[in-house]
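The shown structure was predicted, so the numbers you read here are calculated from the model rather than taken from an experiment. Because only heavy atoms are used, hydrogens play no part in the values below, and waters and symmetry mates are left out as well, while side chains stay in. First the proteins, then the strands, lettered A, B, ... as listed; each starts at 1.
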Amino acid sequence: MTVPLSWYLIFATALFSIGFFGVLARRNAIAVLMGVELMLNAVNVNLVAFWRYLTPTDLSGQIFVVFVFAVAAAEAAVGLALMISIYRTRKSINVDELNELKL
Amino acid sequence: MVGQVLFILVAAITLLMALGAVVAKNLFHAALFLVGVFFGIAVLFILLDAEFLGVAQIVIYIGAIATLIVFAIMLSKNVMGKEAGAYNRNWYAAMAGAVFLFLLLAWLLLKAPFQMVSADVPADAITQIGQGLVGTYVVPFEVASVLLLVALVGAIMLARER
């Protein structure tokens, strides 16, 4: 336990910001989804670090991360199925070319 | 001391891999970098005495989600490697936003006072997680199972050829 909590928090913040940049800046929809996965992982690191340093005897923090795993798996499955479906009709999954919902 | 060196090493490699996943032009390379990030985070979980989550991270993220992403990249193959540009035209605004978010969050987290508790992790941590999932947290556990079932059916419906 020699590593201070703040190191983990700064690491998770940097990872979250990198994922945030990926979500906003990438053109390919699959790359956008990768950014979302990076952000979810950063949140998990934060949850586990807070559990270890603030409430190590109560396992609720770890159980919460298990639920984040489940939701991330569901999100990836549905998101990638959507992209395959879009690719079939449009032959492209670049998010700046998908503008049917724009007024 | 050893723990600190190990943390800095793993954290630096993981962040570089994350940058690679966001910057790489070839989507397949980005997916491989993403696998590296997932592995680095599994190592961090184990450094934080959360062995169960470290193993679950490898099984779920590297074993399932990364494989799914690679499959999706291969199924949309003609965009692989020969994209006109990896970024859309607002990428500099996204960069500024990300840097601003990092500075804001880092400032807030460093300022916030946290009540540290230096206790050891209970030896039967995995038993407690299992009992928690079928005890206190049984309702969210069941809801998560329904969510996964709905996602499974929905993914099949969406990706089906019509």
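- Taking the six-membered ring for Trp and the full ring otherwise, the centers of A/Phe64 and B/Tyr137 sit at least 6.0 Å from each other.
- Taking chain A as the reference chain and counting heavy-atom pairs below 4.5 Å, the highest number among B/Val143, B/Leu148, B/Val2 is found for B/Leu148.
- Put simply, of A/Gly22, A/Ala81, A/Ala49, the one with the most heavy-atom pairs under 4.5 Å next to chain B is A/Ala81.
- Most heavy-atom pairs under 4.5 Å with chain B: of the set A/Val95, A/Val71, A/Leu15, this distinction falls to A/Leu15.
- Most heavy-atom pairs under 4.5 Å with chain B, from the set A/Asn44, A/Val23, A/Thr55: that is A/Asn44.
- Ranked by heavy-atom pairs under 4.5 Å with chain B, the first of A/Glu37, A/Glu75, A/Met83 is A/Glu37.
- For B/Ala64, no part sits under 4.5 Å from any heavy atom of chain A, backbone or side chain.
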Exercise. Might you work through the ring pair (Phe, Tyr, Trp, His ring centres under 6.0 Å) test for B/Phe102 and A/Phe20, ending with a clear yes or no?
Key: CA-CA 10 Å; B/Phe102 172 73; A/Phe20 181 72; over 10 Å; no

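- With a threshold of 4.5 angstrom between heavy atoms, B/Phe7 approaches chain A through side-chain atoms but not through N, CA, C or O.
- Side-chain contact between B/Gln4 and A/Trp7 is present, with heavy atoms from C-beta onward closer than 4.5 Å.
- Under the 4.5 Å side-chain heavy-atom criterion for ILVMFWY residues, a single connected hydrophobic cluster contains both B/Leu19 and A/Ile30.
- Contact annotation for B/Ala31: both backbone and side-chain heavy atoms come within less than 4.5 Å of a heavy atom of chain A.
- Heavy atoms closer than 4.5 Å to chain A are found nowhere in B/Val150, neither backbone nor side chain.
- Counting heavy atoms from C-beta outward, A/Ile63 and B/Leu133 have side chains that approach closer than 4.5 Å.
- Only the side chain of B/Ile8 comes within contact range of chain A, judged by heavy atoms closer than 4.5 Å.
- Remark: side-chain polar atoms of A/Arg52 are not paired, donor with acceptor, to backbone N or O of B/Phe45 under 3.5 angstrom.
- Each of B/Ile60, B/Leu34, B/Leu6 has some count of heavy-atom pairs under 4.5 Å with chain A, and the biggest count is that of B/Leu34.
- Contact annotation for B/Val37: only side-chain heavy atoms (C-beta onward) come within less than 4.5 Å of a heavy atom of chain A.
- Residue B/Phe100 does not touch chain A at all, counting heavy-atom pairs closer than 4.5 Å.
- Side-chain contact check for A/Leu5 versus B/Phe114: some heavy-atom pair is nearer than 4.5 Å.
- Per-residue counts of heavy-atom pairs under 4.5 Å with chain B were compared for A/Ile84, A/Ile10, A/Ile18; the largest is that of A/Ile18.
- For chain A, no part of B/Tyr92 is nearby; none of its heavy atoms comes within less than 4.5 Å.
- Within the 4.5 angstrom heavy-atom criterion, only side-chain atoms of B/Phe38, from C-beta onward, approach chain A.
- For B/Ile41, the part lying near chain A is the side chain, with the backbone staying farther off; criterion is any non-hydrogen pair under 4.5 Å.
- Only the side chain of B/Leu110 comes within contact range of chain A, with heavy atoms under 4.5 Å apart.
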